[in-house]
Amino acid sequence: MEYLPLFFQLRDRRVLLVGGGKVAVRKARLLTRAGAILTCVCPDIDSELEAMLQRGGGEWRTARYSSSDLEEVTLVVAATPDADVNRQVAEDAGRANIPVNVVDTPELCSFVFPSIVDRSPLVIGITSSARSPVVSRLVRSKIEALIPPAFGRLAEFAGGFRDAVKAAIPTEERRRRFYEKLVHGQVGELVLAGREDDAKVLANELLEASKDVEPVGEVYLIGAGPGDPELLTFKAARLLQEADIVLYDRLVTPEILDMARRDAERIYVGKRRERHAVPQGEINQLLLDLARKGACVARLKGGDPFIFGRGGEEIEKLASHGIPFQVVPGVTAASGCAAYAGIPLTHRDHAQSVRFITGNLKNDRLDLPWAEFTSSQETLVFYMGLQGLETICEQLIGHGRASDTPAALVEQGTTRHQRTLSGTLGTLPGMVKTTEVHAPTLLIIGEVVGLRERLGWFGEATEPGSWPPNAGAEAHPVGWKADV
Ligand code: SAH
């Protein structure tokens, strides 16, 4: 983050505006909307700006700018057409530790004006960190469409309850939950519909009911999908915003973790193969203890919580102690990786079924019902199969699957780092030995893998999962090597 977004309280503060043309007018409009009192230094002045100064008790100084103009000033904006004057203002302000903005000159600014969505008292500022104001404005128009003006009223309404809520509900956490109920529920709907009086009655009832109730904790077992944050479900995103504590593991990407509430506590319970950071039993216990204390706990898991995710064990423990929970499915690695690597898991002509198998070694062994995996019409997907890859391929060939059966290893599927090694049961183990592979990886075996080649799905997508996968196809020679 290059700039920290802060919101400046400028009411009745003096702001110096150097310059009096059209550009200065635009800034003056914003500054006066925030209640600032302007001092404008310029030889000639735009008539709109002059009127603004008169209305808002501002001052127009016609003398040349001098550093003494900075006295008693909270903020300064330089908007003259003269680069030397602008630079001088920036230098003087820097020396005096006064925040300064020089219009269209980010290198001289200590703050920038964001694009603004004004739903006062709700205000949203957007910046592209001086890269592209056009992109900021595009984002602004999208947000404007998303947030109707009535949201400002909702913020005002909720703000009106501050003192009453503080007096009635003792802890920060319970207060937050009250507000969540307030804005998400019927009260919020009424306010947005313009029925503030009805909303007030209901809100007071809600407050009364929230007074002495001991909070009940809850656990959300959330599937985070395989990596691309856009594969998160709406429900997962919503519950993540509600959780007080987030327990996450290694498969959860930082972008997804970022979607949790900013002040939520984050606890890493990651497990690495052979090195269990936190044993499963302890995780189950931790979930229970936190929920018993009344917290809303999100247990965020890679992929789907019920597919090789041990979600079943966690909810069993919770259920046996009467802790309420919700399970939110996620896109499992098989679906995500296959889709983003151009491999349909089933296909009318090539595979009528698909099987998800754990390739996790137990005591260096893989005891699996190999004889069941021999149909050439079935796609096999091995989770945790990298270590046992050689054994898997050997066993499948040994039990009758053709050694030229297409096979692919998808690495860090659906993320920007996705790579796919594709070969056959006979060749894949050798390929993997000669390349550096980054976990997590998923092994997909079956005729459907060949379709990827036929689609020309070489290289990885500039936009994950899109076709054609890469714009600069010629940079990738045809063949599996193009993928690595
Ligand atoms: N619950 C998860 C699976 C957990 S088991 C799910 O539904 O996807 C962990 C294994 O999942 C990893 O060893 C790997 O085989 C696979 N996996 C998870 N995310 C992956 C990804 N982004 N790319 C490739 N494999 C992945």
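Predicted model, so just to flag it, every value in this text is computed and none were measured. Just so you know, ligand 1 is whichever comes first in the structure, and atom 1 is the first atom listed for that ligand.
- Judged by distance alone, the side chains of Gln377 and Glu447 never bring a donor and an acceptor atom under 3.5 Å apart.
- Atom 7 (O) of ligand 1 has Thr332 OG1, 2.6 Å as its closest protein atom, hydrogens excluded (heavy atom only).
- Using a cut-off of 4.0 Å between Lys/Arg side-chain N and Asp/Glu carboxylate O, Asp118 and Arg140 are scored as not salt-bridged.
- When hydrogens are left out, the protein atom nearest atom 4 (C) of ligand 1 is Phe308 O, 3.3 Å; that is the closest non-hydrogen contact.
- Atom 10 (C) of ligand 1 has its closest protein heavy atom at Met384 CG, 3.8 Å.
- For atom 20 (C) of ligand 1, the nearest protein heavy atom (residue, atom name, distance) is Pro440 CG, 3.5 Å.
- Side chains of Glu453 and Ser422: a donor on one and an acceptor on the other come within 3.5 Å.
- For the residue pair Gln326 / Glu218, a side-chain donor-acceptor distance below 3.5 Å is found, with atom types taken as modelled.
- Atoms of ligand 1 found under 4.0 Å from any heavy atom of Gln412, numbered from 1 in the order shown, are 22 (N), 23 (N).
- Put simply, part of Cys337 is less than 4.0 Å from ligand 1, judged by heavy atoms.
- Protein heavy atom closest to atom 14 (C) of ligand 1, with residue, atom name and distance, is Thr441 O, 3.2 Å.
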Original post:
salt bridge (charged side-chain N to carboxylate O under 4.0 Å, His left out) between Glu313 and Lys317: does it pass, once the steps are laid out?
Top reply: CA-CA 6 Å; Glu313 295 160 55; Lys317 177 93 174 179; over 6 Å; no
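- Between Phe113 and Phe111, the distance from one ring center to the other falls under 6.0 angstrom.
- Inclusion of Gly413 in the set of residues having an N or O under 3.5 Å from an N or O of ligand 1 is warranted.
- At the top of the distance list for atom 11 (O) of ligand 1, counting protein heavy atoms only, stands Tyr383 CD2, 3.3 Å.
- In summary, the atoms of ligand 1 found under 4.0 Å from a heavy atom of Ile307, numbered by their order in the structure, are 1 (N), 2 (C), 3 (C), 6 (C), 7 (O).
- Counting heavy atoms from C-beta on, the side chains of Glu208 and Glu205 never come closer than 4.5 Å.
- Salt bridge Glu372/Arg355: present, at least one basic N to carboxylate O contact under 4.0 Å.
- Remark: Lys301 is not positioned above the aromatic ring of Tyr248, lacking an NZ or CZ atom under 6.0 angstrom from the ring centre and at most 45 degrees off the axis.
- Among protein heavy atoms, atom 9 (C) of ligand 1 sits closest to Leu251 CD1, 3.7 Å.
- Residue contact check for ligand 1: Thr414 places no non-hydrogen atom closer than 4.0 Å to it.
- Close contacts between ligand 1 and Ala333 involve ligand atoms 6 (C), 7 (O), 8 (O), 16 (C), 17 (N), 18 (C), 19 (N), 20 (C), 26 (C) [criterion: under 4.0 Å to a heavy atom].
- Considering only non-hydrogen protein atoms, atom 22 (N) of ligand 1 sits nearest to Pro226 O, 2.8 Å.
- Heavy-atom proximity to Gly303, at under 4.0 Å, picks out these atoms of ligand 1: 2 (C), 6 (C), 7 (O), 8 (O).
- Using a 4.0 Å cut-off to heavy atoms of Gly302, the atoms of ligand 1 that qualify are 1 (N), 2 (C), 6 (C).
- With a 4.0 Å heavy-atom cut-off, ligand 1 is reached by no atom of Lys301.
- Atoms of ligand 1 found under 4.0 Å from any heavy atom of Val410, numbered from 1 in the order shown, are 24 (C).
- Thr424 and Thr427 share a donor-acceptor pair across their side chains, judged by distance under 3.5 Å alone.
- Ring-plane geometry between His347 and His350 is classed as tilted, the angle between the planes lying from 30 to 60 degrees on a 0 to 90 degree scale.
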